[in-house]
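What follows is a single structure, written as structure tokens, with notes after it.
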Protein chains: 2
Amino acid sequence: MAHPKLSNEDLIGKVADVFRREGYEGASLSRISEATGLEKASLYHRFPGGKNEMVAAVVNHVNQWFQDQVFTPLERSGKPTEKVRFIAQRLREFYADGSKSCALDTLSLPGGSAALHEAVRGSLTAWLQAFTGVAREDGASGAEARERAEQAIIEIQGSLVLARVLGDCKPFHRTMDRLPELLTGARE
Amino acid sequence: MAHPKLSNEDLIGKVADVFRREGYEGASLSRISEATGLEKASLYHRFPGGKNEMVAAVVNHVNQWFQDQVFTPLERSGKPTEKVRFIAQRLREFYADGSKSCALDTLSLPGGSAALHEAVRGSLTAWLQAFTGVAREDGASGAEARERAEQAIIEIQGSLVLARVLGDCKPFHRTMDRLPELLTGARE
DNA sequence: GTCTATAGCTTGATAGAC
DNA sequence: GTCTATCAAGCTATAGAC
């Protein structure tokens with residue numbers, strides 16, 4: 001065929017890249033069209049609900065990735081510190097060594113529906129919960145575990161902002177290196 | 001007069017609020033017009049260069065604020081730890097206790113000119129330099145001081161992202177409380 | 001399933017009255 | 001210095017051919 005169907009997996013990945021990089025308002029259909037190679041009308045065939053449905057699919061896609069690559073591995077049996085080392089590697093991949101922004105950051109800017117912002121908040125809550133879980137497993141009390149989880153995600157988000165502004169990935173790598181001690185003690 | 005001139009100080013402050021909150025692409029002239037009470041044509045009278053000149057003025061305005069309220073106080077004589085406690089209070093005001101976003105975050109999204117992104121990078125570099133300076137004054141070596149500065153700004157940026165997503169300012173307040181130990185040792 | 005063409009609205013920007 | 005009125009370009013979204 002001249003225009004073979006683009007697989008759903010490839011499509012949503014490319015759409016997600018645009019929303020992650022540009023945020024909701026910056027992710028215009030023209031840019032999404034350019035990034036995916038599909039014309040706008042074709043995008044509406046795949047996402048009849050338009051931009052709202054696209055960004056919802058992006059959030060679901062990212063949630064699924066975190067479930068499979070981060071949350072589930074953390075719930076498996078094994079030494080907490082080693083599991084955190086493992087998922088730190090997954091996060092390096094997800095953020096392309098710090099060169100890609102976090103959707104929680106870019107999609108939390110004011111643009112988009114209230115449902116979008118609730119979904120984004122839900123994603124962050126799930127992430128906090130997963131990190132709190134592994135900190136508890138390491139022996140931290142409830143409050144201490146929650147604090148470690150918040151601290152770890154704060155440093156991930158902050159280092160990604162620095163990386164974007166400076167065009168320098170070193171702060172992100174340093175944070176990933178420190179992730180095991182951030183979550184599983186050895187901090188104080 | 002029916003329409004008295006809005007003072008430059010008031011105007012730029014309101015314009016800055018919009019750009020900080022919405023980012024470059026989200027800060028449409030309609031929203032700026034609504035926030036300032038000036039029609040679009042009046043905005044062009046004040047900023048003949050249009051949106052580009054507006055955002056440049058915002059960056060200058062923020063730079064000036066940081067110079068006066070953060071960098072200069074850090075350069076004055078006094079105990080480093082006490083100076084950091086002082087500027088932490090200024091930062092709480094600037095970020096409205098964590099409820100306002102950082103312009104470095106929102107304005108570093110892809111929208112806007114290359115000059116804008118270079119200016120934003122310059123602002124962050126100046127901030128890093130000021131924080132590195134006070135860490136050195138506290139006795140840290142060059143590399144250690146720079147690391148403390150990066151770490152402090154990472155945690156500020158990260159806690160502001162969490163605050164925006166969750167609508168919860170506690171992580172930001174915790175970071176402000178920890179700022180003295182982050183910059184002036186007592187960390188390890 | 002993809003495309004071209006188009007509708008209606010919003011955007012950044014300008015002209016000209018007061 | 002502010003306003004109303006307007007423009008061309010970009011936006012989201014839809015209709016209909018292949």
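A quick note: this is a predicted structure, and the numbers were derived from the prediction, not measured.
- Of the two residues near DNA chain D, B:Glu39 and A:Gly50, the one whose nearest nucleotide lies more 5' is B:Glu39.
- Rounded to whole Å, atom P of C:dT10 lies 13 Å from atom CD of B:Glu34.
- Close to D:dT2, at under 4.0 Å from its OP1 or OP2, lies a side-chain N or O of B:Arg46.
- Residue B:Phe47 contributes atom CZ, which lies 14 Å from atom P of C:dG12 at whole-angstrom precision.
- Summarising the geometry, the separation between CD on B:Glu22 and P on C:dT10 is reported as 16 Å, rounded to the nearest angstrom.
- Put simply, B:Tyr44 has no side-chain N or O that comes within less than 4.0 Å of OP1 or OP2 on C:dT14.
- Here D:dT12 presents its P atom at 11 Å from CG of A:Asn52, a figure rounded to the nearest Å.
- For the pair B:Ser30 and C:dT11, the criterion of a side-chain N or O lying under 4.0 Å from OP1 or OP2 is met.
- In this structure, A:His45 reaches the C:dG1 phosphate: one of its side-chain N or O atoms is under 4.0 Å from OP1 or OP2.
- A salt bridge does not link A:Lys170 with B:Glu150: every distance from a Lys NZ or Arg NE/NH1/NH2 to an Asp or Glu carboxylate oxygen is 4.0 Å or more.
- With respect to B:Gln151, the side-chain hydrogen bond (donor to acceptor under 3.5 Å, both in side chains) criterion is satisfied by exactly one of B:Glu155, B:Arg148, B:Glu147: B:Glu155.
- Here the side chain of B:Ser28 is nearest to one of C:dG12, D:dA13, D:dT4, namely C:dG12.
- Salt bridge annotation for A:Arg90-A:Glu93: present, with a cationic side-chain nitrogen under 4.0 angstrom from a carboxylate oxygen.
- Comparing D:dA13, C:dG12, D:dT4 by their closest approach to the side chain of B:Ala41 singles out D:dT4.
- Within the 4.0 angstrom heavy-atom criterion, base atoms lie near B:Ser42.
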Going through the distances and angles, do B:Thr72 and B:Gln67 end up as a side chain to side chain donor-acceptor pair (under 3.5 Å)? CA-CA 6 Å; B:Thr72 298; B:Gln67 184 64 56; 3.2 Å; yes
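- Distances were taken from every side-chain heavy atom of B:Leu6 (C-beta onward) to each of C:dG12, D:dT2, D:dC3; the shortest belongs to D:dT2.
- B:Phe94 and B:Phe66 have perpendicular rings, their planes meeting at more than 60° on a 0 to 90° scale where under 30° would count as parallel.
- The side chain of B:Leu38 approaches D:dT2 more closely than any other nucleotide in the set D:dT12, D:dT2, C:dT2.
- Enclosure of atom CD in B:Glu53 by more than 12 non-hydrogen atoms of other residues, nucleotides or ligands within 6.0 angstrom is indicated.
- Residues of residues 105-116 of chain A having a heavy atom closer than 4.0 Å to DNA chain C: none are found.
- When distances are taken from the side chain of B:Lys40 to each of C:dG12, C:dT2, D:dT4, the shortest belongs to C:dG12.
- Put simply, OH on A:Tyr24 is 14 Å from P on D:dC11, counting in whole angstrom units.
- To the nearest angstrom, P of D:dT12 lies 15 Å from CD of A:Glu53.
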Checking B:Arg92 against B:Asp177 for the salt bridge (Lys or Arg N to Asp or Glu O under 4.0 Å) test, could you report, in this order, the C-alpha distance in whole Å, the side-chain angles of both residues, the deciding distance, and whether it holds? CA-CA 10 Å; B:Arg92 281 186 216 258; B:Asp177 289 342; 2.7 Å; yes
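- B:Asp10 places its CG atom 12 Å from the P atom of D:dT2, with the value rounded to the nearest Å.
- At a threshold of 4.0 angstrom between heavy atoms, the contacts of B:Gly37 are confined to the sugar-phosphate backbone, with no base atom among them.
- The distance between atom CG of A:Leu43 and atom P of D:dT14, rounded to the nearest whole Å, is 13 Å.
- The pair A:Glu25-B:Arg31 counts as a salt bridge, with a side-chain nitrogen and a carboxylate oxygen less than 4.0 angstrom apart.
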